[in-house]
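Working notes, structure below.
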Number of protein chains: 2
Amino acid sequence: MRIVDTEERRRRVSQAVWEVMDRAGFAGLTMRAVAEAAGCTTGMVTHYFAGKREMLAFARARMHERMDARVRARDGLADVLEESLPLDAERRAETRVWLNFLVAALHDPDLAPDHVDRNRAWQDRIASLIAELNPALDASLEAQTLVSLTDGVATLAAADPGRFPPARQREILRHHLSRLLP
Amino acid sequence: MRIVDTEERRRRVSQAVWEVMDRAGFAGLTMRAVAEAAGCTTGMVTHYFAGKREMLAFARARMHERMDARVRARDGLADVLEESLPLDAERRAETRVWLNFLVAALHDPDLAPDHVDRNRAWQDRIASLIAELNPALDASLEAQTLVSLTDGVATLAAADPGRFPPARQREILRHHLSRLLP
DNA sequence: CTGTTACCGTAACGCCTGTTATGGAAATAC
DNA sequence: GTATTTCCATAACAGGCGTTACGGTAACAG
């Protein structure tokens, strides 16, 4: 006897979570603010999530799904890495949200393991792409370098788009890759 | 008619702020938690700071002073950059605190300008060191690359010390520098 | 039509927050 | 000695928080 699309509602709440988090950060992320951003009340939110933690966990999982889907749609080392950079407004917002979840994971034992696993899988993915392109390289070392570089660029660009416009981000990445794979 | 050392008290509170922030993050950073970590009560804290914002601003400024002092004690590009990595427990804690302030700056218009200024000054500092070593390089580009790289390594190492032990962090940095300045 | 169930707005609850007020002990000033 | 000021613990306060309970509306079932 389902009347509304449950998943649609949960996705709508997730989007509201990102919206609030992007605008006000973790500190401003309250149930009431999320509900307002979703155009409803806390009653609706609590109807679909047992509590704030579950809501946040779902929003985080959905964010990762989106990121994964975007990267999976790409081919080749340069394109895959570039997809992880905040090259447009949407991805800049996503980067800001991602940073919020990142520091949350630093202090939340429930989130930390998944965060670490994801980072490691991402490094391994890049390492395998490097190994394909040039087996002579230390793929693990180069992958950690590249992931660090792109994460750093994303972080700096999120805070200072003026000095890290899209063209500059791309330039940094391409320049490094050209030295790595001449 | 000063009885106690005011600066000593403020510094003690600052240290308590870092301690709580490292352990519990921004979410767990309450006046009461800070007071307890400092071994006193909120009455003492409010006696030396007009409010939470001022306390945090002071703690943040002190953190930057410490970082600056450490870097200023070093010479040469490699050593300066290495000093910014979380190579020991103390700097790993500091990196976690720094990340908290970083995301706070993303959503706080009062903190953002200073954050951006500091990042830019840091990039410029690295750029000038690069220009000295090899004027043929695009110092600005290489500096942004290096700063992104070290920031990324610091972030990843803070979350996953297992995959980014001190030796690995150094290896990543040295390896990149060796390609940059053969 | 009647009963049941999904949906969710409204509102109350207790807790914890930053802030402010109060009061008193201790040190200095005179 | 008294007066004054610094220092800070204690506690009260209003506001906002996540959570929970309640109630009504609308959709389906029989």
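Numbered from 1 within each chain, the chains take letters A, B, ... in sequence-line order.
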Rounded to whole Å, please give me the gap between [atom1] in [X] and [atom2] in [N].
X      : N       : atom1 : atom2 : result
M44(A) : dT10(C) : CE    : P     : 14 Å
E36(A) : dC17(D) : CD    : C1'   : 16 Å
M55(A) : dT19(D) : CE    : C1'   : 13 Å
E8(B)  : dC7(D)  : CD    : C1'   : 13 Å
H47(B) : dT10(D) : NE2   : P     : 16 Å

Determine whether the side chains of D138(B) and H175(A) contain a donor N or O and an acceptor N or O closer than 3.5 Å.
->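 The answer is no; no qualifying pair exists.
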Please report the closest heavy-atom contact between R174(B) and A78(B), naming both atoms and the distance.
-> NH1-CB, 3.4 Å
Indicate the atoms forming the closest heavy-atom contact of A35(B) with T41(B), along with that distance.
->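 Shortest heavy-atom contact: CB-C, 3.4 Å.
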Across the strands shown, which category fits F49(A) at heavy-atom distances under 4.0 angstrom: base, sugar-phosphate, nothing?
->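 The answer is nothing, as F49(A) stays clear of every strand by at least 4.0 Å.
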Distance-only criterion, 3.5 Å: show the donor-acceptor pairs between side-chain atoms of residues 164-171 of chain A and protein atoms not counting sequence neighbours.
unit_1, atom_1, unit_2, atom_2, d
R168(A), NE, Q144(B), OE1, 2.5
R168(A), NH1, E171(A), OE1, 3.2
R168(A), NH2, S140(B), OG, 2.7
R168(A), NH2, Q144(B), OE1, 3.2
Q169(A), NE2, P86(A), O, 3.2
Q169(A), NE2, F164(A), O, 3.0
R170(A), NH1, E82(A), OE2, 3.4

Its contact letters, B for base, S for sugar-phosphate only and - for none at protein heavy atoms under 4.0 Å, make nucleotides 14-20 of chain C read ---BBSB
Counting heavy atoms from C-beta on, name the nucleotide in dC8(C), dT10(D), dC7(D) closest to the side chain of T41(B).
->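 Of dC8(C), dT10(D), dC7(D), dT10(D) is nearest to the side chain of T41(B).
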Please tell me which of the listed nucleotides, dC8(D), dG9(C), dC7(C), lies nearest to the side chain of Y48(A)?
-> dC7(C)
D151(A) side, atom CG; Q123(A) side, atom CD - distance, nearest 0.5 Å =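 The distance works out to 8.5 Å.
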Is it true that F58(A) and F49(A) have ring centroids separated by less than 6.0 Å?
->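 That pair passes the under 6.0 Å test.
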